[in-house]
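Working notes, beginning with the structure itself.
Nothing fancy with the numbering, it's 1 onward along the sequence.
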Amino acid sequence: MKHGFDADHLASIDSLARMQARKGRFALARLSGTLFSSGHGLIVLVAASLLARFKVGQFPRWKVIFSFACQQRVNGSRLWRSEIIVKTG
């Protein structure tokens, strides 16, 4: 979800909408965000499908498990720290 709110995406949608509005295509200007996100989403989906199909960039199983375990530990320590701050704050 965060990827969709990157500044370059928002700037592209904004410039597309402004360009269409300047040309008098107000209906197309209103649809610019929908069309951009649909096209971009389709491209990302196709690219991810191709990468998965040809097993490009897949990590060995142990790296995935290790990464997940580290992430859970970090999230747990953040939660623990926030509870201490709330109790002592």
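Rounding to the nearest 0.5 Å places CG of Asp14 at 11.5 Å from CZ of Phe36. With rounding to the nearest 0.5 Å, the separation of OG in Ser32 from CE in Met19 is 7.5 Å.
Considering every non-hydrogen atom in both Ile13 and Gly33, the closest pair reads CG2-CA, 3.6 Å. Closest heavy-atom contact between Ala21 and Phe26: O-CE2, 3.7 Å. Closest approach of Ala29 and Ala17 over heavy atoms only: CB-O, 3.4 Å. Residue Ser12 comes nearest to Ser15 through the heavy atom pair O-OG, 3.0 Å, listed as atom of the first residue, atom of the second, then distance.
Taking the side-chain contact (heavy atoms from CB on, under 4.5 Å) definition, one finds that Leu28 meets it with Gln20, Arg25, Leu35, sequence neighbours left out.
Both Val46 and Phe54 sit in one connected hydrophobic cluster of ILVMFWY residues. Membership requires side-chain heavy atoms under 4.5 Å apart, directly or through other members. Cluster annotation: Leu45 is not connected to Leu50 through the hydrophobic network of ILVMFWY side chains, with a link wherever side-chain heavy atoms come within less than 4.5 Å.
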